[in-house]
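Working notes, beginning with the structure itself.
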Amino acid sequence: QAEVGKPQRNCYTLPGIDFAYGLYIERTDGGVPEAIGHWNTIKPRTHLVREMPRDYIAMNRGALKAGYTTAREYNLYYKAKDIRRKDDENCRFNKCPPKLPADMTYGIRTQSCTPFFDLLHHRYQQLWMEQQRALTTAERVEKKKKEKVRETHTTFLRKKPLPPKEESFWHLPSLEKVKPHLSTLPDHEARQKAFSA
């Protein structure tokens with residue numbers, strides 16, 4: 001039955017404090033006490049003894065001392081006396097180290113400590129500004145050297161202006177040789193006087 005004077009509950013009750021959500025995996029080791037009390041060391045691996053290659057130089061020397069000359073005799077000697085190389089011959093530590101200069105240092109060189117006096121006085125900024133100024137001045141000088149003043153039509157006309165053009169009335173080329181049909185002036189002198197004015 002529903003509780004009197006209280007709203008009806010639509011949720012499930014939660015389990016107790018000792019309940020663990022999800023999967024519970026039991027510890028395989030004994031935790032801290034076992035780690036403190038025991039040392040679980042790794043068992044040493046047993047190295048397989050590998051078969052060393054044949055020492056043909058020593059076997060050839062022995063066959064030559066014995067007086068063998070043919071290839072068949074050599075093969076028989078190889079089967080009779082099987083000499084193998086020693087472990088020391090293949091050892092990489094047995095090889096002589098490479099010859100290096102006496103003053104050679106291994107690794108990265110240590111950087112010089114930062115001068116705080118220069119940092120506080122903005123010395124690096126001043127040096128950079130000087131470099132930039134020198135660069136800009138050098139670029140300007142180079143640009144001036146490269147730039148050659150080209151003669152254009154305008155500059156040429158400024159130096160040597162053209163003579164003033166005499167005004168001449170335009171006539172059709174077909175009517176240039178045609179003489180006037182009507183003469184309004186009394187004589188030739190009056191015509192010349194009118195044209196001169």
Side-chain angles (χ1 to χ4, degrees), residues 10-148 150:
N10 293 328
C11 58
Y12 297 103
T13 54
L14 295 171
I17 300 163
D18 57 341
F19 182 78
Y21 293 92
L23 293 169
Y24 180 74
I25 301 165
E26 290 184 3
R27 282 186 169 279
T28 51
D29 57 353
V32 178
E34 192 174 337
I36 293 168
H38 302 283
W39 289 97
N40 293 326
T41 55
I42 301 163
K43 291 177 182 178
R45 292 179 184 175
T46 53
H47 293 287
L48 297 169
V49 179
R50 64 189 183 93
E51 193 178 351
M52 300 303 292
R54 281 180 164 185
D55 192 0
Y56 285 100
I57 296 166
M59 286 194 287
N60 288 347
R61 197 185 299 118
L64 197 66
K65 281 179 183 176
Y68 298 126
T69 51
T70 60
R72 187 172 177 276
E73 289 172 346
Y74 266 76
N75 283 330
L76 288 170
Y77 186 83
Y78 293 159
K79 286 175 185 174
K81 292 188 178 179
D82 190 16
I83 302 167
R84 299 281 172 173
R85 284 186 186 177
K86 292 177 183 177
D87 229 353
D88 297 340
E89 289 178 13
N90 283 351
C91 184
R92 63 191 177 92
F93 297 110
N94 197 29
K95 293 174 184 175
C96 59
K99 290 179 181 179
L100 297 169
D103 59 341
M104 184 182 171
T105 53
Y106 292 93
I108 303 163
R109 289 181 180 178
T110 54
Q111 292 181 346
S112 59
C113 59
T114 310
F116 284 100
F117 183 79
D118 292 344
L119 283 174
L120 293 170
H121 284 266
H122 305 288
R123 181 77 184 131
Y124 295 109
Q125 180 191 354
Q126 291 165 6
L127 284 168
W128 184 80
M129 292 291 283
E130 286 170 13
Q131 286 173 359
Q132 293 303 313
R133 284 189 202 108
L135 269 169
T136 48
T137 50
E139 282 173 4
R140 280 178 193 164
V141 169
E142 202 172 329
K143 204 173 183 182
K144 280 179 183 176
K145 283 180 183 176
K146 283 181 180 178
E147 284 180 1
K148 289 180 180 178
R150 291 183 180 180

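Within 6.0 Å of the OH atom in Tyr77, the count of heavy atoms belonging to other residues, nucleotides or ligands exceeds 12. The 12-atom threshold is exceeded at CG of Leu100, counting heavy atoms of other residues, nucleotides or ligands nearer than 6.0 Å. The environment of CD in Gln132 is crowded: more than 12 heavy-atom neighbours from other residues, nucleotides or ligands sit within 6.0 Å.
Sequence neighbours left out, the pairs with a member in residues 126-144 that pass salt bridge (charged side-chain N to carboxylate O under 4.0 Å, His left out) are Glu142-Lys146.
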Would you give me the side-chain donor-acceptor pairs under 3.5 Å for residues 117-124, sequence neighbours excluded?
none

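For Asn60 and Tyr78, the side-chain atoms include at least one donor-acceptor pair closer than 3.5 Å.
In this structure, Arg72 CZ and Asn75 CG are separated by 9.0 Å, a value rounded to the nearest 0.5 Å.
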Working note: Arg84 + Arg54, criterion side chain to side chain contact (heavy atoms under 4.5 Å, CB included); need CA distance, chi angles, decisive distance, verdict. CA-CA 4 Å; Arg84 299 281 172 173; Arg54 281 180 164 185; 3.7 Å; yes

